[in-house]
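As the structure lists them, so they are numbered: ligands from 1, and atoms in each ligand from 1.
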Amino acid sequence: MYQIGVVGCGFFARNHLEAWGGIDDVSVVAVCDLDPARLDRAATRWPGVRGYPDAAGMLARERLDFVDIVTAAPSHRALVEQVAAAGAAVICQKPFAPSLEDARAMVAACARAGVPLMVHENFRFQRPILELKKVVESGRLGAPTYARIRFRHACDIYAGQPYLLEEERLAIMDVGVHLLDVARFLLGEAETVFCRTQRIDPRVAGEDSVSITLEHEGGAVSLVDFSFATIQEPDPFPQTLIRIEGERGTAQLLEGYRLEVSGGGVPIEVRDVEPPVPAWGGRPWHLIEDSVITIQRHWIDCLKTGREPATSGADNLKTLELVFAAYDSASARGTAHQSASALGTASESARAGGGA
Ligand SMILES: NC(=O)c1ccc[n+]([C@@H]2O[C@H](COP(=O)([O-])OP(=O)(O)OC[C@H]3O[C@@H](n4cnc5c(N)ncnc54)[C@H](O)[C@@H]3O)[C@@H](O)[C@H]2O)c1
């Protein structure tokens, strides 16, 4: 039985905690939060789980196999380093870090301590995206040449996450990070990034509409576009709509969880790829809830078999490089393409000027 400590009992931690509750061989024994009201709320929902006002106290008192960190990015480095120093394995929420320097330091700290590290990058674990990946891997489309990855909606995400209103780096950090990871997952590593951002909703401090073009190794091009200010009916939130074209056919994830595959010399195939609704969840959030269960099962499977998680800290550095390259490209305007490989220094220096 793996003994788990969870850091952060806010908006998204509910999904982690409910998902752990349904996974075999794990037991959440402790939670911590700096906010006493949130700690109380978790204690009420999970009686018997020990609550701590900070991670240091939890790590000093508990014998934990791993710690699941569900706090915002600025707190990640200190927490990951503390957990690794205590000898426990680490899951860390996305976005992994506010800078590549922090991200690399966390990967190095876990490597030094000899503990596994996974970033809780759950979009690529969404059932429709896993099904699409199987189509790509089947070879039916031939080598991918083009993809469009779209996540445009006007769902009021600020109601549950009011802190997003103040973020000067908003949409790329919050959801772009997921979509850039999906682009890597489906088409392989990206070599160049071109990005333009807009601020549409006057209430937000950062960019809330973004268009990114990636050139992938092997020549495929993807367009990754997302917005929190796209008013339309019906609103597809939280579905990611994807089109992938290959040399021999096209696959599309369409609204309503339809996966359509055409070409390849066989009749058009349309399948329902809607994920199940967890007993503790509900529509339309089940897409996300189910992916949280799937990534957390993946982590346990990796711990048991000694495999590296698909979204390990080292893997996620490549996604974060694209995130910072996108901000650099948007803030540079006019200087055409930003090379993903030239990120390290350029993106760090351009950070303050990013956003819309
Ligand atoms: N994967 C997804 O689909 C998804 C969705 C929403 C949020 N998230 C991510 O989850 C993370 C948390 O988001 P949220 O909306 O739950 O935020 P939140 O502010 O609601 O919750 C974070 C909690 O962490 C606590 N906290 C902060 N620093 C701490 C520390 N050092 N020790 C102990 N507790 C600490 C805060 O008091 C707060 O209660 C963010 O990085 C966010 O981007 C992911």
Where on [X] is there a heavy atom closer than 4.0 Å to ligand 1, on the side chain, on the backbone, on both, or on neither?
{"X": "Lys94", "value": "both"}
{"X": "Asp33", "value": "both"}
{"X": "Leu34", "value": "both"}

Atoms in ligand 1 flagged as close to [X], the criterion being non-hydrogen separation under 4.0 Å:
{"X": "Gln161", "result": "6 (C), 7 (C), 15 (O)"}
{"X": "Val7", "result": "32 (N), 33 (C)"}
{"X": "Gly10", "result": "16 (O), 20 (O), 21 (O), 23 (C), 39 (O)"}
{"X": "Pro95", "result": "41 (O), 43 (O)"}
{"X": "Ala72", "result": "40 (C), 41 (O)"}

key: Option of least heavy-atom distance to atom 10 (O) of ligand 1 (set: Gln93, Arg14, His120, Gln126)   = Gln93

Any side-chain donor near an acceptor of the partner, Gln232 and His153, under 3.5 Å = no

ask   = Do Arg77 and Ser99 have side-chain N/O donor and acceptor atoms under 3.5 Å apart?
value =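 No, no side-chain donor-acceptor contact under 3.5 Å.
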
Got an N/O contact under 3.5 Å between [X] and ligand 1?
{"X": "Arg38", "result": "yes"}
{"X": "Phe12", "result": "yes"}
{"X": "Phe11", "result": "yes"}

Residue, atom name and distance, where the atom is the protein heavy atom closest to [atom]:
{"atom": "atom 26 (N) of ligand 1", "result": "Thr71 CG2, 3.6 Å"}
{"atom": "atom 12 (C) of ligand 1", "result": "Val70 O, 3.6 Å"}
{"atom": "atom 15 (O) of ligand 1", "result": "Tyr163 OH, 2.6 Å"}
{"atom": "atom 1 (N) of ligand 1", "result": "Asn122 OD1, 2.7 Å"}

request  = Answer yes or no: is there a donor N or O on one side and an acceptor on the other, between the side chain of His76 and the main chain of Thr71, under 3.5 Å?
outcome  =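 Yes.
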
key: Arg124/Asp181 salt bridge by N-O under 4.0 Å criterion   = yes

Asp290 bridged to Arg127 by N-O distance under 4.0 Å = no

message = Counting only heavy atoms not in Arg61 (residues, nucleotides, ligands), do more than 12 fall under 6.0 Å from its CZ?
response =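 Atom CZ in Arg61 is not crowded, with 12 or fewer foreign heavy atoms closer than 6.0 Å.
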
message = Which residue in the set Arg140, Lys134, Lys133 passes salt bridge (charged side-chain N to carboxylate O under 4.0 Å, His left out) when paired with Glu137?
response =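 Checked Arg140, Lys134, Lys133 against Glu137; only one passes salt bridge (charged side-chain N to carboxylate O under 4.0 Å, His left out): Lys133.
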
request  = Could you state whether Ile23 and Phe12 fall into the same hydrophobic cluster, counting links through intermediate Ile, Leu, Val, Met, Phe, Trp or Tyr residues with side-chain heavy atoms under 4.5 angstrom apart?
outcome  =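 In one cluster with Ile23: Phe12, yes.
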
message = Let me check something: do Val28 and Leu303 share a hydrophobic cluster, defined by ILVMFWY side-chain heavy atoms less than 4.5 Å apart, either directly or through other members?
response =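 Val28 clusters together with Leu303.
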
query = Any non-hydrogen atom of Glu121 lying under 4.0 Å from ligand 1?
reply =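 Not so, Glu121 does not reach ligand 1.
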
Charged tip of Arg169 within 45° of Tyr327 ring normal and under 6.0 Å =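 Pair Arg169/Tyr327 counts as cation-pi.
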
key: Member of His216, Glu217, Glu215 meeting the side chain to side chain contact (heavy atoms under 4.5 Å, CB included) criterion with Leu187   =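 Of all the options given, the one that passes is His216.
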
